[in-house]
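Report on the following structure.
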Protein chains: 2
Amino acid sequence: MAQKGITLKDVAAAANVSRATAARALNSYGYVGDGTALRVLEAAEKLGYRANLVAQALRSGQLPIVGFIPGDIQNPFFARIAHDIETELRRHRHNLLIASSEENVEQEKELLESLRSLSIRGFILAPTSATDSQHIVQLAREGTPVVLIDRVVKEVHCDSVIVDNEGGAREAVDYLVANGHERIGLLRDESRIFTAQERFAGYQNSLESHGIALDASLVSVSRSTVEHAIEATIRLFSRGDRPTALFTVDSLMTQGALLGLRSMGLSIPQDVSLVGFDDFNLATFTDPQITVIAQPTSEIGALAAKMLLERLAGKKLAPRHTRFPTRLIVRGSVSRLHRR
Amino acid sequence: MAQKGITLKDVAAAANVSRATAARALNSYGYVGDGTALRVLEAAEKLGYRANLVAQALRSGQLPIVGFIPGDIQNPFFARIAHDIETELRRHRHNLLIASSEENVEQEKELLESLRSLSIRGFILAPTSATDSQHIVQLAREGTPVVLIDRVVKEVHCDSVIVDNEGGAREAVDYLVANGHERIGLLRDESRIFTAQERFAGYQNSLESHGIALDASLVSVSRSTVEHAIEATIRLFSRGDRPTALFTVDSLMTQGALLGLRSMGLSIPQDVSLVGFDDFNLATFTDPQITVIAQPTSEIGALAAKMLLERLAGKKLAPRHTRFPTRLIVRGSVSRLHRR
DNA sequence: TAAATATGTGAGATCGATCTCACAATCAGC
DNA sequence: GCTGATTGTGAGATCGATCTCACATATTTA
């Protein structure tokens with residue numbers, strides 16, 4: 001009952017022309033007499049005619065809808081991106097359908113599969129697995145425009161927008177090392193996820209370049225939620241020779257680490273130094289303020305949407321890959337470690 | 001190019017039957033011979049047939065899509081609700097289209113208007129205005145299922161899920177008064193918004209019941225973002241006789257207040273006591289932990305989705321209105337005020 | 001003035017799935 | 001063996017917008 005039921009036919013009847021002519025007048029193509037066109041437009045106006053997008057889609061094969069599949073819409077990082085994508089799409093009369101993969105490859109596959117039958121025009125996707133990607137390859141190969149954000153997948157040929165995860169992580173750990181830390185814990189998410197891999201690589205590379213051996217027992221894996229990160233943090237710091245510093249790979253984990261450490265009575269930065277990847281609202285309120293690697297979150301969504309819209313408009317180019325730099329924001333959560 | 005193009009016709013041809021019979025076999029209705037049905041099913045399987053939802057929608061007039069129009073998808077409150085709605089919808093093979101009103105009535109109207117031509121099945125809506133609501137009345141009257149969340153609009157007859165805003169706000173202010181505060185500031189959002197009205201009423205009623213006169217200069221209005229709330233807070237506390245306590249009406253504002261107060265060198269709870277409406281992740285990390293009025297956020301989305309799905313299934317009942325209770329969580333951001 | 005082109009319009013096909021209707025067969029009951 | 005129900009199937013219409021084609025008139029051009 002969504003539609004009042006004023007169709008092109010009604011408009012045509014009111015204007016005393018055929019459907020074909022009405023369509024020409026409304027979409028201004030082909031030959032239409034001036035007077036006729038005016039009559040049609042007036043009739044449409046008076047009746048409150050709105051084209052049925054579903055009918056248009058059946059002919060054209062495409063609904064003016066773009067799908068966005070983030071790992072988790074509750075993560076402020078993705079929420080911000082969703083907002084920016086939607087704003088950009090609206091400018092071009094497209095709508096945004098959001099379905100979260102919940103960081104589950106199977107769910108991601110099912111979503112893609114089911115959205116496909118909706119004749120959605122294109123996808124903006126944060127693939128949950130860097131390797132299990134045949135479904136995405138397949139999608140891109142069929143010609144559906146796809147833009148990957150935050151995470152890429154090697155074999156897929158499409159536009160992508162990511163950040164310098166390795167460099168950012170390296171900078172974070174370099175900074176901790178420069179402050180005298182050697183036992184540096186890592187709170188990361190599952191290794192299937194592209195950003196986790198890259199940030200881990202940054203962690204490794206930094207340690208290696210400083211001649212510090214990687215200690216696997218200092219690395220804790222957790223899902224990216226505050227609750228899971230609290231647990232993982234407690235696990236990591238429940239040992240005798242606990243780390244003197246911690247690097248967390250996203251803002252929800254940073255918040256989990258804050259809460260976990262507090263619950264253990266460990267204070268920052270006296271007992272533990274902390275650097276988090278991805279800035280967040282309250283990072284400057286906590287005491288101390290949290291030192292972070294900031295990403296240009298506000299640019300990712302808008303750029304991805306623009307890229308996708310260009311593809312939808314038919315632009316044929318080689319895939320474009322944008323990688324934004326990150327930025328270390330030094331606040332107060334890292335202390336200089338003095339040898340004891 | 002979203003569709004590989006395997007249509008019912010292809011399946012019918014492969015199974016050597018007519019389209020009508022193929023449809024009957026696939027959707028199991030009417031009479032179909034056992035052998036025939038099997039042939040059709042096998043052919044569909046082999047070809048990888050997926051029904052074109054757009055074509056189905058053209059006939060039925062409805063796409064399996066539900067629209068969600070929150071005030072701001074970046075507000076964790078709405079993000080959580082969006083997540084829960086989506087999870088529930090997916091169970092019933094429906095998709096979620098999210099478009100933010102950005103707390104702008106005109107945008108809300110345009111969105112509704114444009115989504116209408118998409119033949120969306122129903123809406124879950126947090127109306128940005130408690131009074132400017134003809135567009136929603138109209139929508140509901142036409143028979144489109146609508147569920148209002150977080151905010152209601154008087155004239156609209158449809159299901160709704162909200163919380164006890166007045167009671168929650170009253171409890172917050174009662175608590176401050178019980179701790180000796182009389183000059184209690186209010187950081188609220190625009191009065192057009194339903195929750196702002198109700199929470200303001202709770203603030204008023206509490207003061208009145210304690211014989212405290214309402215001082216309009218203690219009330220600061222701001223948009224519901226961290227940035228705007230910082231400014232509003234600073235404005236409110238830049239006066240000589242500043243409030244001894246502050247009540248903020250949502251979690252982004254609470255965070256803004258925290259940052260604003262800190263930037264002014266005011267500490268909580270020594271200089272200012274604080275109670276916020278809506279709990280948030282870091283409320284227990286900040287020092288002190290923040291006392292809040294918690295809402296059952298995790299129940300709202302799921303319930304709203306269920307209600308909507310029932311309506312979509314054709315359930316005809318009088319509109320149901322659920323109002324969840326709130327809960328005061330006492331932490332450490334309120335101090336007992338001693339007369340000076 | 002005849003031929004060629006430009007302009008305006010409508011009838012009907014199309015997109016894909018589904019539904020109505022007509023028409024066969026098969027089977028039961030009398 | 002005949003009527004009437006039961007079962008099975010296909011032809012064609014339908015949803016709404018758009019596009020192709022054919023067919024008119026007008027207007028140029030040779």
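Order of the sequence lines fixes the chain letters, A, B, ..., with proteins taken first and strands second; residue numbering starts at 1 for each chain. Hydrogens, waters and symmetry mates are skipped; everything else that's a heavy atom, side chains included, is used.
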Which one, C:dA17, D:dA17, C:dG10, comes nearest to the side chain of B:Arg59? C:dA17

Residue-phosphate contact under 4.0 Å: A:Gln56 side-chain N/O, D:dT18 OP1/OP2: yes

From the candidates D:dG10, C:dT18, C:dG12, the one with an atom nearest any side-chain atom of B:Arg19 is C:dT18

One pair to check against side-chain hydrogen bond (donor to acceptor under 3.5 Å, both in side chains): A:Arg50 and B:Ser117. What are the steps and the verdict? CA-CA 7 Å; A:Arg50 306 207 93 236; B:Ser117 31; 2.9 Å; yes

Whole-Å distance separating the CG atom of B:Leu118 from the P atom of D:dC15: 21 Å

Least distance between heavy atoms, B:Glu103 atom then B:Thr128 atom: OE1-OG1, 2.5 Å

Between D:dA17, C:dC15, D:dT20, which nucleotide gets closest to the side-chain atoms of A:Arg24? D:dT20

Looking only at C:dG10, D:dT18, C:dA17, the nucleotide nearest the A:Val17 side chain is C:dG10

Nucleotide C:dT9, atom C1' - distance to CG of A:Leu8 in whole Å: 14 Å

DNA chain C nearest-nucleotide lookup for B:Ala23 and A:Ala37: closer to the 5′ end is A:Ala37

If I take atom OH in residue A:Tyr49 and atom C1' in nucleotide D:dA17, what distance separates them, rounded to the nearest angstrom? 6 Å

The side chain of B:Thr21 is closest to which nucleotide in this list: D:dT9, D:dA17, C:dC19? D:dT9

Per side-chain contact (heavy atoms from CB on, under 4.5 Å), B:Leu63 is matched among B:Leu118, B:Asn95, B:Ile120, B:Leu58 by B:Leu118

Test A:Glu102 against B:His83 for side-chain hydrogen bond (donor to acceptor under 3.5 Å, both in side chains), laying out the working first. CA-CA 10 Å; A:Glu102 290 173 342; B:His83 173 266; 2.9 Å; yes

I want to verify a distance call: between C:dA17, D:dG10, C:dG8, whose nearest atom is closest to the A:Tyr31 side chain? C:dG8

Can you check the B:Asn27 CG to D:dT9 P distance for me, whole Å? 16 Å

Residue whose closest nucleotide on DNA chain D lies nearer the 5' end, A:Thr7 versus B:Asn16: B:Asn16

Integer-rounded Å distance: C:dA17 C1' and B:Leu63 CG: 13 Å

Would you mind reading off the distance between B:Leu58 atom CG and D:dT18 atom P, rounded to a whole angstrom? 12 Å

State which residue, out of B:Leu309, B:Val66, B:Leu312, fulfils the side-chain contact (heavy atoms from CB on, under 4.5 Å) condition with B:His92. B:Leu309

Regarding B:Thr36, tell me which of base, sugar-phosphate or nothing describes its non-hydrogen contacts under 4.0 Å with the strands shown. sugar-phosphate

Which whole-number value in Å describes the distance from A:Tyr29 OH to D:dA17 C1'? 9 Å

Value in whole Å for how far the C1' atom of C:dG16 lies from CD of B:Gln62: 18 Å

